[in-house]
Amino acid sequence: MKNLVVILFILVSMAGISSCGVGHAYVLNQNQNTTQVELSEPNFKVVGQVSGSSEVEYVLFFGGIKKRNLYQDAYSSMMEEAGLIGKSRAITNITTEEHLGGVPPFYSKRTITVSAHVIEFN
């Protein structure tokens with residue numbers, strides 16, 4: 001009986017101090033504009049890469065914002081960093097990454113990161 005209690009205590013302790021996380025990455029065509037661009041000529045250059053991130057924390061499955069709003073916050077942050085206004089730039093290769101971590105159901109944390117390449121036309 002004593003060994004069973006010790007083993008049970010060790011298993012509960014290991015589960016309590018370990019943090020599990022799950023990550024997903026989505027490469028989708030989220031930029032569905034009707035603009036046509038001729039890429040057969042070298043009339044553009046890749047300026048850099050931009051990213052935006054947003055996170056939310058849940059305690060006992062309560063708290064935070066919805067996943068859709070979390071994505072919108074991350075996307076808006078990325079677009080501000082891109083500096084597209086007043087320049088002949090566009091973003092391409094949009095990637096969305098999602099990470100879930102914590103110790104559910106007690107505490108969990110969701111992070112969404114959106115990244116893309118910025119290209120500039122000559």
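Numbers for residues simply follow the sequence, beginning at 1. Just so we're clear, the structure is a prediction, and the values are computed from it rather than from any experiment.
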To the nearest 0.5 Å, what is the distance between [atom1] ([X]) and [atom2] ([Y])?
X	Y	atom1	atom2	value
Thr113	Met78	OG1	CE	11.5 Å
Glu120	Arg89	CD	CZ	4.5 Å
Ile91	Met79	CD1	CE	4.0 Å
Tyr75	Ile112	OH	CD1	14.0 Å
His99	Lys109	NE2	NZ	9.5 Å
Thr96	Glu98	OG1	CD	9.5 Å

Atom OH of residue position Tyr107 - does it have more than 12 heavy atoms of other residues, nucleotides or ligands inside 6.0 Å?
yes
Of all heavy-atom pairs between [X] and [Y], which one has the smallest distance, and what is that distance?
X	Y	result
Ala90	Leu84	N-CD2, 4.0 Å
Thr111	Ser53	CG2-OG, 3.7 Å
Ile119	Thr92	CG2-CG2, 4.1 Å
Glu81	Gln49	OE2-O, 4.4 Å
Ser115	Ser51	CB-CB, 3.8 Å

Would you say Leu8 ends up clustered with Val6 if hydrophobic residues are merged whenever their side chains have heavy atoms under 4.5 Å apart, either directly or through other cluster members?
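No; tracing contacts between hydrophobic side chains, which count when under 4.5 Å, never links both residues.
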Main-chain N/O of Asp73 paired to Ser77 side chain as donor or acceptor, under 3.5 Å
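Side chain of Ser77 to backbone of Asp73: no pair is present.
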Is any side-chain heavy atom of Leu60 closer than 4.5 Å to one of Phe106?
yes
